[in-house]
Amino acid sequence: MKNLFKYILSAAFVLGAVACTEKEDGPAEAKMKGIFHVEVISADEIQEIMPGKNKTLLLSACADFETGVSDLALKMTLKADLDAVAVYNEINETNYEAMPAGSYEFLSNEVIMPRYGTASSTAKLKISTTGMEDGVTYLLPVTIENISGTDNWGL
């Protein structure tokens, strides 16, 4: 039987979202509202990788359609947020390990959210089994670090 390393690459609702709201001090630059989150473009929440191999995953930022979208095109920068592992574990009563720093690399971490769009262009995240132990499930929270194209947003 093959040994498999497992990790969870977080999507959306659990690990990091950017709420875009109007500025309180002066006129708003854009009509932004709603929640943006990061999703892995994959059918499976849990990804498996063979020892000694690597895998490239596509990520996109998505807008929660029901709460609104931006009337501007936006550039978003994604990042790994390993501090969110403890929060995730506490909320979900799990005990996942943070993915080791040497086991992932953003090949590209910027995406473009088109005006009135609900899904962005894609970023690429390369993962490998470097530093991972057999039989351990790892968590890699990916969040939106920055939005450019307007000052009218907040984390």
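A side-chain donor-acceptor contact under 3.5 Å links Ser121 to the backbone of Ile112.
When all heavy atoms are compared, the tightest approach of Ile49 to Lys55 is CD1-N, 3.7 Å. The two atoms that bring Ile144 and His37 nearest to each other are CD1-N, 4.1 Å, heavy atoms only. Contact between Asn95 and Asn89 at its shortest, heavy atoms only, is N-OD1, 3.5 Å. Here the shortest heavy-atom pairing between Ser108 and Thr122 reads OG-O, 4.3 Å. Residue Leu139 comes nearest to Tyr96 through the heavy atom pair CB-CB, 3.9 Å, listed as atom of the first residue, atom of the second, then distance. Listed here is the closest heavy atom pair of Met113 and Ala63: CE-N, 4.0 Å.
Between the CD atom in Glu110 and the OG1 atom in Thr77 there is a gap of 4.5 Å [rounded to 0.5 Å]. Taking OG1 from Thr137 and CE from Met132, the interatomic distance works out to 10.5 Å, rounded to the nearest 0.5 Å. Taken from CG in Asn54 to CD in Glu105, the straight-line distance is 9.5 Å, to the nearest 0.5 Å.
Put simply, Leu82 and Val136 are part of the same group of oily side chains (I, L, V, M, F, W, Y) that touch within less than 4.5 Å, one to the next.
Proximity of Lys53 to Thr129: side-chain heavy atoms (C-beta onward) are nowhere separated by under 4.5 Å. Residues Lys79 and Val142 are not in side-chain contact: their nearest non-hydrogen atoms beyond the backbone lie 4.5 Å or more apart. Leu125 is not listed as a side-chain neighbour of Leu78, based on a closest heavy-atom distance of 4.5 Å or more. The shortest side-chain heavy-atom distance between Val111 and Ser60 does not fall under the 4.5 Å cut-off. Looking only at side-chain heavy atoms (C-beta outward), Tyr138 and Gln47 stay at 4.5 Å or farther from each other.
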| task | Decide side-chain contact (heavy atoms from CB on, under 4.5 Å) for Lys75 and Ile147; before the verdict, give the C-alpha distance in whole Å, the side-chain angles of both, and the deciding distance to 0.1 Å. | result | CA-CA 6 Å; Lys75 182 165 77 171; Ile147 297 178; over 6 Å; no
Going by atom type alone, with no hydrogens or angles, which donor-acceptor pairs under 3.5 Å involve a side-chain atom of residues 97-104 and a protein atom two or more places apart or on another chain?
residue: Ser103; atom: OG; partner: Pro100; partner atom: O; Å: 2.6

